[in-house]
Amino acid sequence: MSLIEHWIDGKNHPSASGRTGPVFDPAQGVKQRDVVLADEAEIEAAVAAAKAAFPAWRDTSIAKRSTIMFAFRELLNARKGELAAILTSEHGKVLSDAAGEIARGLEVVEFALSFPHLMKGDFSENVSTGVDVYSLRQPLGVVGIISPFNFPAMVPMWFFPIAIAAGNTVVLKPSEKDPSAANWMAELLTEAGLPDGVFNVLHGDKVAVDGLLEHPDVKSISFVGSTPIAQYIYETAAKNGKRVQALGGAKNHMLVLPDADLDLVADSAVNAGFGSAGERCMAISVVVAVEPVADELIAKITERVAGLKVGDGTRGCDMGPLITKEHRDKVASYLDLAVEDGAELVVDGRGIEVDGEADGFWLGATLIDKVPTTSRVYTDEIFGPVLSVVRVATYEEGVELINSSQYGNGTAIFTNDGGAARRFQNEVEVGMIGINVPIPVPVSYYSFGGWKNSLFGDAKAYGPDAFHFFTRQKAVTARWLDPSHGGINLGFPQNA
Ligand code: NAD
């Protein structure tokens, strides 16, 4: 059984904290290794390595930084199968889904390669006689990234390729539940030629997170995780004078209008509701059916769910296990609650037959109809393979429901009415909208992020927002002197 160590200054960094956390294989239900959990000295070592590497990396030419980022892209693309296997063994998602996660991460690496263009400043000639003004974008310094368990490769890749390309140095604190992907990517960056100390992995829990939030040498925090922690990160990082973006949880609704193609809707609801066992921040967890479509749609979803193969992610199944036993039990507890609250359990995912070990953290796809909007089944982010149906009478009632949610990450409308779709994109208070697209994760050159309690801060992940977030601007006003510019004048400078 191996121990996963920190990656600091280009090598494994043994821990002396005496604290570790278990890393499970969720499909086997057994601990497969331990991960070290940082103490104060290790936080200090990671930040110090990143700080020491910053001056030389910031001053490394654009040409050289491009070469390294291109090499990383090539290595990642060539060896993505290794990374997918790590994701499946620690997270549990099926291999094809792990490959999809890496593909979306690679997209951001490719977007980051356009940094020479995206970091260009502006130039205005002769703003005043003989005076030019121009702007520069410069890196921040040491940036902290704190990521969740559900995308151990993609979410770090939302941030670090852009942060590094822009000239920053990084301390990544990945989820302690599936930490190996971070070390694998760190080794690959080193192989691509990234200098030691530019990318560091600090493993840990709240101690490590708080250490980064409070460290004066960490200039920004990029966080993705649950809403209560995102809010805590936002407030604490801001109090410590840092730039911060904190992406939180979600409860994503799919609004189905009566004119929609119900076969397409049923396919989409199943794919977006149960892919990755519902452990996606862009998963659809509520189908809002505008009557009279609910009965027919539920029948179509039920038929599709019956065909889903649940089991070990390496065996060609559709859906894998949940991340831990505790999480599996918590998700399953919502099924009892649904019945207590008067909802109808149409498909019960407990006790299903799986293609995997008996001790795996299994829960099959679950469909619940007539969920009261006062029930915690409706209001909580369950983060598992549980799809609720809420029936409404009109489009207006559906939009009002979506807008009353504390979350505003993603949503989708299914309709063949272009006018209704245009109205929806205008009226709905959500950051990412799908029109007949169930998981509207924007491509890498549009930024990713929700509204309301799904994002604290004003910078989204990747896309144009990222270059704003990971750089700060300077405006330079320049005049090359000639004798005509002499003389004393204490008035406020005016342009002429
Ligand atoms: P989490 O909030 O439990 O953990 C996220 C990170 O915060 C981890 O690195 C963890 O170690 C750390 N952390 C946990 N508790 C902490 C505490 N008390 N103080 C300081 N740090 C702490 O989230 P998770 O369970 O790993 O991930 C699932 C959540 O992430 C879901 O809510 C999901 O919606 C959300 N998520 C959101 C997005 C998005 O883009 N909005 C994307 C992916 C996941």
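Because the structure is predicted, anything quoted here is derived from the model rather than measured. What you see below is based on every heavy atom in this structure, not just the backbone, and it leaves out hydrogens, waters and symmetry mates. For ligands, and for the atoms within them, numbers begin at 1 and follow the listed sequence.
Taking CG of Leu308 as the start and SG of Cys317 as the end, the distance is 10.5 Å to the nearest 0.5 Å.
Among Thr324, Val209, Ile382, the residue whose heavy atom lies closest to atom 12 (C) of ligand 1 is Val209. Of the candidates Lys460, His203, Lys206, Lys177, the one placing a heavy atom closest to atom 19 (N) of ligand 1 is Lys206. With Glu381, Met282, Met432, Glu176 as candidates, the residue nearest to atom 32 (O) of ligand 1 on a non-hydrogen basis is Glu381. Distances from atom 6 (C) of ligand 1 to the heavy atoms of Ser175, Ser147, Ala461 put Ser147 nearest. In the candidate list Asp205, Ile145, Asn150, Asn150 is nearest to atom 43 (C) of ligand 1, counting heavy atoms.
The closest protein non-hydrogen atom to atom 35 (C) of ligand 1 is Gly225 O, 3.1 Å. The shortest contact between atom 2 (O) of ligand 1 and any protein heavy atom is with Ser226 OG, 2.6 Å. The protein heavy-atom contact nearest to atom 40 (O) of ligand 1 is Phe448 CE2, 3.0 Å. The shortest contact between atom 27 (O) of ligand 1 and any protein heavy atom is with Pro148 CB, 3.2 Å. The protein atom (non-hydrogen) at minimum distance from atom 7 (O) of ligand 1 is Phe223 CE1, 3.3 Å. From the protein, the heavy atom lying nearest to atom 22 (C) of ligand 1 is Ile229 CG2, 3.7 Å. The shortest contact between atom 42 (C) of ligand 1 and any protein heavy atom is with Cys281 SG, 3.0 Å.
Taking the charged nitrogens against the carboxylate oxygens, Asp341 and Lys370 have no contact shorter than 4.0 Å, which rules out a salt bridge. Between Lys177 and Glu90 there is no salt bridge, since no side-chain N of the basic residue sits under 4.0 Å from a carboxylate O of the acidic one. Taking the charged nitrogens against the carboxylate oxygens, Arg304 and Asp267 do have a contact shorter than 4.0 Å, which makes a salt bridge. Taking a cutoff of 4.0 Å between a charged side-chain nitrogen and a carboxylate oxygen, Arg19 and Asp205 qualify as a salt bridge. One finds no salt bridge joining Lys309 and Asp318 here, because no Lys/Arg side-chain nitrogen approaches an Asp/Glu carboxylate oxygen to under 4.0 Å. Salt-bridge check for Arg376 with Glu340: failed, with every basic side-chain N at 4.0 Å or more from each acidic carboxylate O.
Under the 4.0 Å distance rule, the nearest protein heavy atom to atom 15 (N) of ligand 1 falls inside the cut-off.
Listed by number with element, the atoms of ligand 1 under 4.0 angstrom from any heavy atom of Trp158 are 40 (O). For ligand 1 and Phe383, the ligand atoms under 4.0 Å from any heavy atom of the residue are 28 (C), 31 (C), 33 (C), 34 (O).
Of the N or O atoms in Phe149, one or more lie within a sub-3.5 Å distance of an N or O in ligand 1. Residue contacts with ligand 1: Lys173 is placed with a nitrogen or oxygen under 3.5 Å of a nitrogen or oxygen of the ligand (distance criterion only). Where the criterion is an N or O separation shorter than 3.5 Å, residue side chain and backbone included, Gly248 meets it with respect to ligand 1. Of the polar atoms of Asp210, none of the N or O atoms is found under 3.5 Å from an N or O of ligand 1, judged by distance alone.
Of the listed residues (Val305, Ile298, Thr366), just one forms a side-chain contact (heavy atoms from CB on, under 4.5 Å) with Val347, and that residue is Val305.
Shortest non-hydrogen contact noted between Leu140 and Phe54 is C-CZ, 4.3 Å.
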Inset, instruction - Using the side-chain contact (heavy atoms from CB on, under 4.5 Å) rule, take Val143 and Val170 through it: C-alpha gap first, then chi angles, then the decisive distance, then the call. - result: CA-CA 5 Å; Val143 303; Val170 172; 3.8 Å; yes
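Using a 4.5 Å heavy-atom cutoff, the side chains of Asp34 and Ile4 are not in contact. A 4.5 Å side-chain heavy-atom check between Phe448 and Met282 finds at least one atom pair inside the cut-off.
Aromatic pair Phe24/His91: ring centres not closer than 6.0 Å.
For the ligand labelled ligand 1, residue Tyr407 lies outside the 4.0 Å heavy-atom shell.
Here Asn409 has side-chain heavy atoms under 4.0 Å from ligand 1, and that is the only part of it that gets that close.
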